[in-house]
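What you see below is based on every heavy atom in this structure, not just the backbone, and it leaves out hydrogens, waters and symmetry mates.
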Amino acid sequence: MRNILPFRLDELFGWHDRIQIPDNWHDLHQMRISAKRLRYSMELYQVCFDRHFKETIETIKMIQDFLGDIHDCDMMIEYLEEIMHPDKFGLHDGKPTGNRAGHQLPEIQAMITEQIQSRKQLYNQFIVFWNELLQNRFKEQLLSQIDKTYIANVDRTNDLNMMERIFIDSI
Amino acid sequence: MRNKAEITPYDSARHWAAFYIEEKFNTMWQYREPVINDRSPVDIHDMRVASRRLRSVLLDFRTCIPKHTVKTLFRLTKKLTEHLGLVRDMDILTELLSQNKTCDNANRQSLTDFLFESAKHRRNEGRDHLLQFFQTLEQEHYPLQFEQLISLLRNGKTT
């Protein structure tokens, strides 16, 4: 726990610089994966922490949800751009050759623009949320929570070992 | 099976590994039949999430597991996540497209229909690959490998 959680936390916060560029879709996607890894590990070790830890996990889930919505837009944009590809639409010299979707290029372009707008809004909302976490020293607080819990559990284990020894000695 | 309350911070790492690998594998594998029968897109999503959780446990407890075993099981589980992902991506697309389905614009309507069909076609391709991969998992004795790993972690030997 003391190794894994800080490692996963570092992994997530390590994306900070790279996600400042809104179009860095690949890094935003990787950050989402890091958030998932951290959340899943936190859920495993939940039994070691007090009930407030659940709220911390919820915060990580919110990061994941923001990044998930951004990823959905990226996926849609990629799909639409792929559909616009000449091979798909039968374009010749940039003009539709009349296949089924060829005449719909302006509509596809409009759809892409809408998706780009939605993505921009989502990204801005996410950055506000992310910066609030940084301001509130979320990472440092979680690291301190992990440390305290680890030390408490080690103490408790030592107590248990001691009691076990006393018990064995008394037989 | 032991319930979650029985896991304590004072249990050994091997015990934790056995407990969570069993729990996460069973959760994931219960979706096998519904996914094969294509009952609902939700099953695909749930199995994909469960496969990710299983991979996360394998990674977190890799020091307790023989290297070769963790490598094989991680690789197969990752492949499964990827196959499920191809189908899931198309489900998300159709979901997003359905938000455009009700618009008044005739051009948009016709485009959405076209994109819908295209996504459906890709989904079917993805599903074919997924079904083939389930057969590969059977050939590789994937569930048995997990069973043996859990037994090894619990008893120090395989069944």
Under 4.5 Å between any side-chain heavy atoms of [X] and [Y], yes or no?
X: A:E107; Y: B:Q109; result: no
X: A:M111; Y: B:L115; result: yes
X: B:E95; Y: A:D72; result: no

So how far is it from [X] [atom1] to [Y] [atom2], rounded to the nearest 0.5 Å?
X: A:I4; Y: B:T63; atom1: CD1; atom2: OG1; value: 7.0 Å
X: A:M75; Y: B:R88; atom1: CE; atom2: CZ; value: 8.5 Å
X: B:L111; Y: A:L105; atom1: CG; atom2: CG; value: 9.5 Å
X: A:C48; Y: B:W16; atom1: SG; atom2: CH2; value: 3.5 Å

Do [X] and [Y] sit in one hydrophobic cluster, given that two such residues count as connected whenever their side-chain heavy atoms are within less than 4.5 Å of each other, even indirectly?
X: B:V57; Y: B:L59; answer: yes
X: A:F129; Y: A:I60; answer: yes
X: A:I33; Y: B:L80; answer: no
X: A:L142; Y: A:M62; answer: yes

#### Entry: B:R122 and A:E82 ion-paired at < 4.0 Å
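A:E82 and B:R122: salt-bridged.
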### Query
Hey, mind stepping through A:L44 and B:F19 against side chain to side chain contact (heavy atoms under 4.5 Å, CB included) and telling me if it holds?
CA-CA 10 Å; A:L44 290 188; B:F19 177 83; over 6 Å; no
### Query
Which of these, B:V49, B:L54, B:D60, sits in a side chain to side chain contact (heavy atoms under 4.5 Å, CB included) with A:Y40?
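So the option named by the test is B:V49.
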### Task
Please assess A:I83 against B:F114 for the test side chain to side chain contact (heavy atoms under 4.5 Å, CB included), listing each intermediate value before the final yes or no.
CA-CA 10 Å; A:I83 288 282; B:F114 170 76; 3.9 Å; yes
### Query
What are the two closest non-hydrogen atoms of B:A119 and A:Y79, and how far apart are they?
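Here B:A119 and A:Y79 meet closest at N-OH, 3.1 Å.
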### Message
With side chain to side chain contact (heavy atoms under 4.5 Å, CB included) as the criterion, how do B:D89 and A:E78 come out once you've worked through the C-alpha distance, each side chain's angles and the decisive distance to 0.1 Å?
### Response
CA-CA 12 Å; B:D89 283 353; A:E78 194 190 341; over 6 Å; no
### Task
Just do the side chain to side chain contact (heavy atoms under 4.5 Å, CB included) check on B:L97 and A:M76 with the steps written out, would you?
CA-CA 9 Å; B:L97 288 168; A:M76 182 64 130; 3.5 Å; yes
